[in-house]
Amino acid sequence: MKQRVGSLLRERFDRDVVLEKPKDRSFGHFSTPIAFSLAKELRKSPMVIAEELSSSFGEADMFSSVESVQGYINFRLSETFLDEYASWVLKNQDQFGKSDKKEKILLEFVSANPTGPLHIGHARGAVYGDTLLRLGRHLGYDITAEYYVNDAGNQIDLLGLSIQLEGRASILNEDVEWPESFYRGEYMTDLTIKAVEKFGKEILSDESRQKELALWAKESVMELIVKTLADTNIHFDTFVNESSLYDDWNRVMAKMGEGIYKKDDKMFIASSLKGDDADRVVVREDGRPTYLAGDIVYHNQKFERGYEHYINIWGADHHGYIPRVKAAVEFLGYDSSKLEVLLSQMVSLLKDGEPYKMSKRAGNVILMSDIVEEIGSDALRFIFASKKSDTALEFDVEEFKKQDSSNPIYYIQYAHARIKTIISKSELSIDEIQSTPLKGLSADADSLLFEALLLAEVIEDAFSSRQVQKLTDYLKSLAAKLHKFYYDCRIIGTEDEAKLLKVLEVVALSLKTGMNLLGIEAKERMVRDEEETV
RNA sequence: GCGUCCAUAGCUCAGCUGGAUAGAGCACCGGUUUGCGGUACCGGCGGUCAGAGGUUCGAAUCCUCUUGGGCGUACCA
């Protein structure tokens, strides 16, 4: 819609035209301040220019009016145009807001270590990534959702050791010496019990079997992670294990060419040549690779698989890694601008006003699965999707647990359910409603319809700017308009019933499409939760 | 120190390809259609957009500096 208006104006004026939403809908559907920017070169006042330009439009079927007001040019779309679009959308519901993008994108997100369950911080990145995935696919992009499993290195050794220690302490009742860092928490107790069931108690005291134990535990933790994600409607296409990448090690190092060098028996990446603060160790003296080594082989593998664009979603605490990985990509001979790293900022929690420090090793974490269980996947997804991902977010767990109408998800779902209810109450058939021409709509109905049709623009904007909160904001505002309209305007039994229901159909479709893109269920009927009746 | 993200209403946050009077929710106060779900709607209260310069016809939005915070600055992941 906006694209069509935009391209029409571009042809007309032979330049890009800024199109915006007028502050007040009574001005029209779109407006442009172009007269202000033309004022200087034409040496005329903006008012005069706007006046001339607007009167030059005359008869264009897209617009019912083009007016100049104080230098702005305001466009009002014709009812014919809006009706055609509305009718098309209702006939082709699953096409609403789709586009014909083709690019192949590899989207990597979550990638939490397989050493423990997902916590609330992971949940944010997971929701952000999955929402982008849904938006992108809707627009036609060919996106692969990938999870990188760090199943090599220290943390895996530590996982095996932690289970042994836990078992020796709690099952064999030995006095054990705890190292400085180790994994603990409820899941470790469960894992240890399961490990003993599977392997017998002997494995707890046999240091040589630590690796075996760790690899088994890793699989078990991954199952847990996958289940938690699935409970939030998040699914991955591919999982890449870090451990599987090292067969390629020598070839990749050779490919790095001058980007890699040996010094003091260690291997370094010359990342300082590519804008990093310093060169980084890739292989230690004892031959063990560092964390960065995995990322180098992994990114090489990604680029060899051949996508047009790569998106990584990382926790913001990893932002220092961006220059290193980009440097590696360049040394490998690829265009690092194809790699886009998006950061998901920290989530800090309060509990009853007190800071709640998250630390996986301490075992004192808020688990994603617990929150999903408490407030449901829909609310969790909505809350994270509605906050800019690169801004730190703080909230009180207690408040997060509330399940009343202060949660905007209920507000939006109620709007959708209200429409479905009223349509079921009407005696008109769906066909009668959808085939009614939209003529002579009130200003409010016209405005509501227009707003609902804007979904397509919102989806495109939200994805291309990677700002998924634009969609939640839009849905909140559309729901608010619906509720207000519903309150102000009687529908059933009026002579406008068919037209108005058609408008509401479009609103419902827009809300439903938007919610589905957020991975949220659009309810047909709201059922009040069983409250504890006192 | 350096890098990076940020600072908008009492609280949580939108708005930032520069544009018409800076928005929403929560909280607080007061109201609501002889009608379709009151899980709704309306009004009030509340802002030197951290501060200072600059660019511009026009700045919350762009640039510089200052202040105050989060995160990073590992041969940890």
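Below, all heavy atoms of this structure are taken into account, side chains as well, without hydrogens, waters or symmetry copies. Chain A is the first sequence line, chain B the second, and so forth, proteins listed ahead of strands; every chain is numbered from 1.
- Looking at heavy-atom distances under 4.0 Å, Arg525(A) makes contact with a base.
- What you find for Glu108(A) and Ser111(A) is that their closest heavy atoms are OE2-OG, 2.7 Å.
- The side chain of Asp390(A) sits closest to rC5(B) out of rC5(B), rC41(B), rA20(B).
- Among the protein residues, Asn74(A) comes within range of the nucleic acid bases, having at least one heavy atom under 4.0 Å from a base atom.
- When the nearest nucleotides of RNA chain B are assigned to Ile492(A) and Gln467(A) by heavy-atom distance, the more 5′-ward of the two goes with Gln467(A).
- A gap of 31 Å separates the P atoms of rA14(B) and rA74(B), to the nearest Å.
- Atom C1' of nucleotide rA74(B) and atom CZ of Phe268(A) are separated by 12 Å, given to the nearest angstrom.
- Taking atom NZ of Lys470(A) as the reference point, atom P of rG15(B) lies 6 Å away to the nearest angstrom.
- Nearer to the 5' terminus of RNA chain B, by closest-nucleotide assignment, is the contact made by Lys387(A) (compared with the other of Asn154(A) and Lys387(A)).
- A donor-acceptor contact under 3.5 Å is formed by the side chain of Ser31(A) with the base of rA20(B).
- Base engagement by Thr421(A) is indicated by at least one non-hydrogen atom pair under 4.0 Å involving a base atom.
- No close placement of the Tyr148(A) and Phe239(A) rings is indicated, their centers lying 6.0 Å or farther apart.
- Across the C1' atoms, rA60(B) and rG51(B) are found 14 Å apart, a figure rounded to whole Å.
- Electrostatic pairing of Glu460(A) and Lys101(A) counts as a salt bridge here, judged by a charged N lying under 4.0 Å from a carboxylate O.
- Rounded to a whole Å, the NZ atom of Lys476(A) is 9 Å from the P atom of rG25(B).
- rG46(B) and rA52(B): their C1' atoms are spaced 27 Å apart (whole Å).
- Across all strands shown, rA52(B) forms a Watson-Crick or G-U wobble pair, both distances under 3.5 Å, with rU64(B).
- At whole-Å resolution of the value, CG in Asp277(A) and C1' in rG1(B) are 12 Å apart.
- By the 30° and 60° cut-offs, the orientation of the rings of Tyr411(A) relative to His483(A) is tilted.
- With respect to the salt-bridge test (charged N to carboxylate O, under 4.0 angstrom), the residues Lys388(A) and Asp390(A) do not qualify.
- Cation-pi geometry between Arg76(A) and Phe63(A) is not satisfied (NZ or CZ under 6.0 Å from the ring centre, within 45° of the ring normal).
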Between protein and nucleic acid, restricted to nucleotides 54-58 of chain B and to nitrogen or oxygen atoms under 3.5 Å apart, what atom pairs and distances do you find?
| unit_1 | atom_1 | unit_2 | atom_2 | d |
| --- | --- | --- | --- | --- |
| rC57(B) | OP1 | Lys40(A) | NZ | 2.8 |

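- Taking only side-chain nitrogens and oxygens, Lys388(A) never comes nearer than 4.0 Å to OP1 or OP2 of rC6(B).
- The side chain of Gln345(A) lies closest to rC5(B), out of rC36(B), rC5(B), rG15(B).
- Each of rA20(B), rG72(B), rC6(B) was ranked by its minimum atom distance to the side chain of Phe27(A); first place goes to rA20(B).
- No N or O donor and acceptor, one from the side chain of His318(A) and one from the base of rG72(B), sit under 3.5 Å apart.
- Checking the phosphate oxygens (OP1, OP2) of rC41(B), a side-chain nitrogen or oxygen of Tyr411(A) falls inside 4.0 Å.
- Put simply, CD1 on Ile383(A) is 20 Å from P on rC11(B), counting in whole angstrom units.
- The CG atom of Asp444(A) sits 11 Å away from the P atom of rC42(B) (whole-angstrom rounding).
- Rounded to whole Å, the separation between the C1' atoms of rU61(B) and rU56(B) comes to 13 Å.
- Of all nucleotides present, none satisfies the Watson-Crick or G-U wobble test against rU21(B) with each distance under 3.5 Å.
- Of the listed nucleotides (rU73(B), rA14(B), rC42(B)), rC42(B) has the atom at the smallest distance from the side chain of Lys484(A).
- Comparing the same atom, C1', in rG18(B) and in rU32(B) gives a spacing of 41 Å after rounding to whole Å.
- With both ends at atom C1', the span from rA9(B) to rC45(B) equals 10 Å, rounded to whole Å.
- Residue contacts shown for Ser426(A) are absent, as no nucleic acid heavy atom lies under 4.0 Å away.
- Atom name P, nucleotides rG23(B) and rU48(B): the rounded distance is 15 Å, in whole Å.
- Checking rC41(B), rU17(B), rA14(B) against every side-chain atom of Asp473(A), the shortest atom distance belongs to rA14(B).
- Both the sub-6.0 Å distance and the 45° axial angle are not jointly satisfied by Arg10(A) relative to the ring of Phe13(A).
- Side-chain proximity of Gln469(A) to rG15(B), rU39(B), rC71(B): nearest is rG15(B).
- The aromatic ring centres of Phe268(A) and Tyr261(A) sit less than 6.0 Å apart.
- When both distances must be under 3.5 Å, the Watson-Crick or G-U wobble mate of rA9(B) does not exist.
- Nearest to the side-chain atoms of His319(A) among the listed nucleotides rA40(B), rG72(B), rG35(B) stands rG72(B).
- Ring geometry for Tyr246(A) against Trp249(A) counts as tilted: the plane angle lies between 30° and 60°, on a 0 to 90° scale.
- Distance Leu471(A) CG to rA24(B) P: 20 Å, rounded to the nearest Å.
- Electrostatic pairing of Asp473(A) and Lys470(A) does not count as a salt bridge here, judged by no charged N lying under 4.0 Å from a carboxylate O.
- Using a 4.0 Å cut-off between charged side-chain N and carboxylate O, Glu330(A) and Lys274(A) make a salt bridge.
- Across all strands shown, rC42(B) is found opposite rG30(B) as a Watson-Crick or G-U wobble partner, with both distances under 3.5 Å.
- A sub-4.0 Å separation between OP1 or OP2 of rU39(B) and a side-chain N or O of Arg418(A) is absent.
- The residue Gln70(A) sits apart from the nucleic acid: no heavy atom pair falls under 4.0 Å.
- Closest to the Leu393(A) side chain, of the nucleotides rU39(B), rC13(B), rA40(B), is rC13(B).
- Here rG35(B) presents its C1' atom at 14 Å from CZ of Phe485(A), a figure rounded to the nearest Å.
- Figure legend. rG1(B) is base-paired to rU73(B); pairs are counted as Watson-Crick or G-U wobble with both atom distances under 3.5 Å.
- A distance of about 24 Å separates the P atoms of rC6(B) and rA24(B), rounded to the whole Å.
- Checking rC16(B) for Watson-Crick or G-U wobble geometry (two distances, each under 3.5 Å) identifies no partner in any strand.
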